S.K.: 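This is the structure I have questions about; it appears just below.
Just so you know, ligand 1 is whichever comes first in the structure, and atom 1 is the first atom listed for that ligand. Atom set for the values below is all heavy atoms of this structure, side chains included, hydrogens, waters and symmetry mates excluded. The structure displayed is predicted, hence computed values, not measured ones.
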Amino acid sequence: MTKRVRTAVFPVAGLGTRFLPATKALPKEMLTVVDRPLIQYAVDEAREAGIEHFVFVTGRSKGVIEDHFDRQFELETTLELRGKTRALEELRKDLPSAGRTSFTRQQEPLGLGHAVWCARDIVGDNPFALLLPDMLFKGKPGVLKQMMDAYEESAGNVIAIEEVPHAEVSSYGVVGRGAGADNGFRVTQMVEKPRPEEAPSNLIISGRYILQPEIFALLADQPRGAGGEIQLTDAMQTLMNTQPFTGVKYVGQSFDCGSKIGFLTANVAYALDRPDIRDGFLAALERLSLDEVMAEPTKAAAE
Ligand code: UTP
């Protein structure tokens with residue numbers, strides 16, 4: 001019988017070098033899309049998929065993430081006194097229940113594979129979901145929920161898959177596609193950052209995983225790969241020799257919020273989707289006379 005996935009791991013110990021100087025003291029995962037930090041979107045997606053235990057692999061200067069998932073009595077009391085019950089309810093709704101979060105530290109940012117391995121004792125001998133919070137997915141149901149449905153059918157490991165233009169595959173982990181429909185097909189191979197002419201497809205691994213605990217032993221022995229980091233894809237390639245991997249080409253839109261363009265685009269998309277913000281935002285964009293801005297880059301932008 002398929003073992004239920006109750007735990008999700010959120011690696012949040014990366015340095016976020018693509019987003020400096022914003023990420024010098026502020027964790028990338030606390031950057032906000034409209035008014036919610038990226039990490040909150042990832043936790044919401046996991047809860048929707050039935051996750052009960054939230055494991056954060058944090059690092060230096062990431063303490064604010066722990067604070068974000070804690071009660072804030074001074075703030076709550078003030079909101080209560082001012083009768084701001086709606087805001088108060090929203091804050092409380094966002095919190096996982098008491099005892100349902102765990103925090104562990106990756107003392108050195110040695111790569112995503114190493115960050116995942118740091119969660120091994122907390123996860124134990126159980127399947128787990130892995131969500132990279134800087135990848136933001138907009139879709140209903142959320143991507144992890146779509147993957148859970150495939151997991152129930154297939155067991156084993158499940159990875160979220162996205163299609164990119166063929167010329168761009170060399171920036172990603174690329175999979176070979178075997179039998180099955182978009183909502184659950186057999187993954188036949190994985191290649192990290194292939195040259196376009198050598199790539200098995202234009203389908204890339206995209207920030208959400210359901211993994212079996214056997215991955216931890218492989219990560220423990222995993223030598224450093226690309227960029228001198230311990231790569232999760234390398235360990236998954238080995239795991240593929242003994243366990244099936246299912247790909248889910250999810251329905252929805254993705255934003256790589258670790259990049260500035262992806263982050264800015266996400267803010268526009270989410271703001272336009274919010275009934276309380278949409279009209280005001282559109283009016284503000286109009287005042288900015290977008291046509292003019294687009295036609296004539298400012299001096300600073302041109303430099
Ligand atoms: P990224 O490679 O996108 O994050 O990792 P990064 O290294 O922080 O960013 P750049 O490339 O320097 O801008 C994806 C996820 O894995 C976590 C990151 O925090 C992010 O959520 N990560 C990455 C770790 O937790 N530890 C690491 O050693 C590397």
S.K.: Side chains of Gln106 and His114: donor-acceptor distance under 3.5 Å anywhere?
M.R.: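 Note: Gln106 and His114 side chains meet the donor-acceptor criterion.
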S.K.: Is there side-chain contact between Ser206 and Ile161, with heavy atoms separated by less than 4.5 Å?
M.R.: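 The answer is no, as the side chains (C-beta and beyond) never meet within the 4.5 Å cut-off.
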S.K.: Taking N or O atoms only and a 3.5 Å limit, does Arg18 qualify as a polar contact for ligand 1?
M.R.: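 In this structure, Arg18 places an N or O atom under 3.5 Å from an N or O of ligand 1.
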S.K.: Should Phe19 be counted as touching ligand 1, given the test is an N or O pair under 3.5 Å?
M.R.: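 Between Phe19 and ligand 1 (N or O atoms, distance only) the closest approach is not under 3.5 Å.
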S.K.: Can you tell if the side chain of Ser170 reaches within under 4.5 Å of the side chain of Arg195, non-hydrogen atoms only?
M.R.: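 In short, these two side chains do not touch, never coming nearer than 4.5 Å.
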S.K.: Do me a favour and list the nearest non-hydrogen protein atom to atom 21 (O) of ligand 1 with residue, atom name and distance?
M.R.: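 For this ligand atom, the closest protein heavy atom is Pro11 O, 2.8 Å.
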S.K.: Which of the atoms of ligand 1 are close to Val12, meaning less than 4.0 Å from one of its heavy atoms?
M.R.: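 Counting from 1, the qualifying ligand atoms are 19 (O), 25 (O).
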S.K.: Under 4.0 Å from ligand 1, counting heavy atoms only, is it the side chain of Leu110, its backbone, both or neither?
M.R.: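 Backbone only; the side chain of Leu110 stays clear of ligand 1.
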S.K.: Measure the shortest side-chain to side-chain distance between Phe245 and Thr188 over non-hydrogen atoms and say whether it is less than 4.5 angstrom.
M.R.: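 Side chain of Phe245 against side chain of Thr188, heavy atoms only: no contact under 4.5 Å found.
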S.K.: Return the residue, atom name and 0.1 Å-rounded distance of the protein heavy atom closest to atom 8 (O) of ligand 1.
M.R.: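 For this ligand atom, the closest protein heavy atom is Gly16 N, 2.8 Å.
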S.K.: Under 4.0 Å, heavy atoms only, figure out whether ligand 1 is touched by the backbone of Thr17, its side chain, both or neither.
M.R.: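 The part of Thr17 near ligand 1 is both the backbone and the side chain.
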S.K.: Does any part of the side chain of Glu197, heavy atoms only, come nearer than 4.5 Å to the side chain of His166, both counted from C-beta?
M.R.: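 His166 does not reach Glu197 side chain to side chain.
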S.K.: Okay, side chain of Arg100, backbone of Ile51: is any donor-acceptor separation there less than 3.5 Å?
M.R.: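 No, because the side chain of Arg100 does not come within donor-acceptor range (under 3.5 Å) of the backbone of Ile51.
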S.K.: State whether the shortest distance between N or O atoms of Val57 and N or O atoms of ligand 1 falls below 3.5 angstrom.
M.R.: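 Among all N and O atoms of Val57, none is under 3.5 Å from an N or O of ligand 1.
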S.K.: In the protein, what heavy atom is nearest to atom 7 (O) of ligand 1, and what distance, to one decimal place, separates them?
M.R.: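 I find the closest protein heavy atom is Leu15 N, 4.1 Å.
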S.K.: Is any NZ, NE, NH1 or NH2 atom of the basic residue among Arg92 and Glu89 found under 4.0 Å from an Asp or Glu carboxylate oxygen of the other?
M.R.: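 Looking at Arg92 and Glu89, the cut-off is not met.
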S.K.: Would you mind listing which atoms of ligand 1 come within a distance below 4.0 Å of any non-hydrogen atom of Pro133?
M.R.: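 Answer, ordered by atom number: 21 (O).
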S.K.: Got a protein heavy atom sitting under 4.0 Å from atom 12 (O) of ligand 1?
M.R.: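 Yes.
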S.K.: Using heavy atoms and a 4.0 Å limit, tell me yes or no: is Glu229 in contact with ligand 1?
M.R.: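 The answer is no, since Glu229 has no heavy atom less than 4.0 Å from ligand 1.
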S.K.: What is the ring orientation for Phe19 with Phe263, classed by angle as parallel under 30°, tilted 30 to 60°, or perpendicular over 60°?
M.R.: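 The rings of Phe19 and Phe263 stand perpendicular, inter-plane angle above 60°.
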S.K.: Would you mind checking if Asp234 and Arg224 are paired as a salt bridge, meaning a charged N to carboxylate O distance below 4.0 Å?
M.R.: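 No.
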S.K.: Can you name the atoms of ligand 1, numbered from 1 with element, that are less than 4.0 Å from a heavy atom of Pro109?
M.R.: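 Those of ligand 1 that fall under 4.0 Å from Pro109 are 28 (O).
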S.K.: Which residue holds the protein heavy atom closest to atom 24 (C) of ligand 1, what is that atom called, and what is the gap in Å?
M.R.: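 Result for atom 24 (C) of ligand 1: Gly14 N, 3.3 Å.
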S.K.: Less than 3.5 Å apart, any donor N or O on the side chain of Asn157 or Gln212 sitting next to an acceptor on the other?
M.R.: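 Not at all, the side chains of Asn157 and Gln212 share no donor-acceptor pair under 3.5 Å.
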S.K.: Give the residue, atom name and distance (to 0.1 Å) of the protein heavy atom nearest atom 28 (O) of ligand 1.
M.R.: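 Ranking protein heavy atoms by distance from atom 28 (O) of ligand 1, first comes Gly111 N, 2.7 Å.
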S.K.: Any carboxylate oxygen within less than 4.0 angstrom of a Lys/Arg side-chain nitrogen, looking at Asp279 and Arg274?
M.R.: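 No, this pair does not count.
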S.K.: Where's the contact between Ala13 and ligand 1, heavy-atom distance under 4.0 Å: side chain, backbone, both or neither?
M.R.: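 Looking at Ala13 and ligand 1, atoms from backbone and side chain both fall under 4.0 Å.
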S.K.: In the protein, what heavy atom is nearest to atom 1 (P) of ligand 1, and what distance, to one decimal place, separates them?
M.R.: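 In this structure, atom 1 (P) of ligand 1 has Lys28 NZ, 3.8 Å as its nearest protein heavy atom.
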S.K.: Does a side chain donor of either Gln231 or Gln222 reach within less than 3.5 Å of an acceptor in the other side chain?
M.R.: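 No donor-acceptor contact under 3.5 Å links the two side chains.
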S.K.: What atoms in ligand 1 come closer than 4.0 Å to a heavy atom of Ala115?
M.R.: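 Those atoms are 24 (C), 25 (O), 26 (N).
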S.K.: Based purely on interatomic distance, does Glu108 place a nitrogen or oxygen under 3.5 Å from a nitrogen or oxygen of ligand 1?
M.R.: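 For ligand 1, there is no N or O atom that lies under 3.5 Å from one belonging to Glu108.
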S.K.: Quick one: nearest non-hydrogen protein atom to atom 26 (N) of ligand 1, plus distance?
M.R.: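 Looking at atom 26 (N) of ligand 1, the protein heavy atom closest to it is Gln106 OE1, 2.7 Å.
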S.K.: Among all protein heavy atoms in this structure, tell me which lies nearest to atom 5 (O) of ligand 1, with the distance rounded to 0.1 Å.
M.R.: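 Answer for atom 5 (O) of ligand 1: Asp134 OD2, 4.4 Å.
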S.K.: By the definition ring pair (Phe, Tyr, Trp, His ring centres under 6.0 Å), identify the one residue from Phe137, Phe10, Phe255, Tyr270 that meets it with Tyr41.
M.R.: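 The ring pair (Phe, Tyr, Trp, His ring centres under 6.0 Å) with Tyr41 is passed solely by Tyr270 among Phe137, Phe10, Phe255, Tyr270.
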S.K.: Would you check the N or O atoms of Gly258, main chain and side chain alike, for any that come under 3.5 Å of an N or O of ligand 1?
M.R.: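 For ligand 1, there is no N or O atom that lies under 3.5 Å from one belonging to Gly258.
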